[in-house]
Amino acid sequence: MKFFIDTANLEEIKQAKEMGLIDGVTTNPSLIAKEGSINFKEHIAKICQIVEGDVSVEVTALDVEGMLHQGRDFASISPNVVIKCPLTLDGLKATRILSSEGIKVNVTLCFSPAQAILAAKAGATYISPFIGRLDDISHEGMQLITDIVKIYKNYNFQTQVLAASIRHPRHVVESALAGAHVATIPFKVIKQLVKHPLTDIGLELFLADWGKFSKQANN
Ligand code: E4P
């Protein structure tokens, strides 16, 4: 399973890279807006210099022509750039065209298996089902991941399932159990993944015992 970091923050991306766990980055307009008054394209270029893998960058145009224009423009920033198109009819048309030009597309804002079938048929490299936002409205977000993985396997679709809108470590584990190819994870959750109270207690005990042993050995 690949791990992408779900952020546009350079410091978080650098720290996650140092952990050696990160295969790529996903951004969206809200994450970019959090970074304040940056130069958008320069900022994306900086992200691409830090990470070696795919960096998803979302179009904001709503019509095919606008999406194609932005998609080609963003893709020219770096070979790492993957264009995020929304799951609309225009987004699917743009996905088909950009994919046929060799530009990878991540189809975003997916909330149903039917939508995911369309993204695969349009030639998307990634489909981004949003788990947390479905949970937020009392739906079972994880069921969407399970359903899409099954459908894609049934037809040998090459589109990769990128579990998005991840809010906590269980989302990561359950996405892995369901067979998602990628999880895009906020930095806070990446750090939560490593924590277990029994690890901390166990380490404390080992060090205490080692301290006793060293004392004896020195005597
Ligand atoms: C990533 O590609 C998505 O845009 C992101 O995971 C959405 O997460 P959110 O629902 O927490 O905003």
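Both ligands and their constituent atoms are indexed starting at 1 by order of listing.
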Where ligand 1 meets R133 - atom numbers and elements under 4.0 angstrom, heavy-atom basis: 7 (C), 9 (P), 10 (O), 12 (O)

Numbering as shown, the atoms of ligand 1 that approach F130 to under 4.0 Å (heavy-atom distance): 3 (C), 4 (O), 7 (C)

Within-4.5 Å side-chain heavy-atom neighbours: D6 and F187: no

Geometric N/O contact S128 with ligand 1, under 3.5 angstrom: no

E58 heavy atom under 4.0 Å from ligand 1: no

Backbone of I32 reached by a side-chain donor or acceptor of E35 within 3.5 Å: no

Close aromatic pair by centroid cut-off 6.0 Å: F213 and F206: no

Nearest neighbour in protein (non-hydrogen) for atom 8 (O) of ligand 1: S165 CA, 3.4 Å

Numbered atoms of ligand 1 (with element) below 4.0 Å of D6, judged on heavy atoms: 1 (C), 2 (O), 5 (C), 6 (O), 8 (O)

Test of proximity, R167 against ligand 1: N or O pairs below 3.5 Å: yes

Closest contact, heavy atoms only, G123 versus S99: O-OG, 3.1 Å

Pair S128, T108: side-chain N/O donor-acceptor within cut-off below 3.5 Å: no

Lys/Arg-Asp/Glu bridge criterion (N-O < 4.0 Å) met for K150, D147: no

Residue T26 vicinity, atoms of ligand 1 by number, heavy atom under 4.0 Å: 1 (C), 2 (O)

K41/D73 salt bridge by N-O under 4.0 Å criterion: yes

Side chains of N80 and E52, donor plus acceptor under 3.5 Å: no

Sub-4.0 Å atoms of ligand 1 with respect to non-hydrogen atoms of K84: 1 (C), 2 (O), 3 (C), 4 (O)

Polar proximity ligand 1 side, T27 side, N/O cut 3.5 Å exclusive: no

Nearest-contact summary for atom 4 (O) of ligand 1 - protein heavy atom, Å: N28 ND2, 2.8 Å

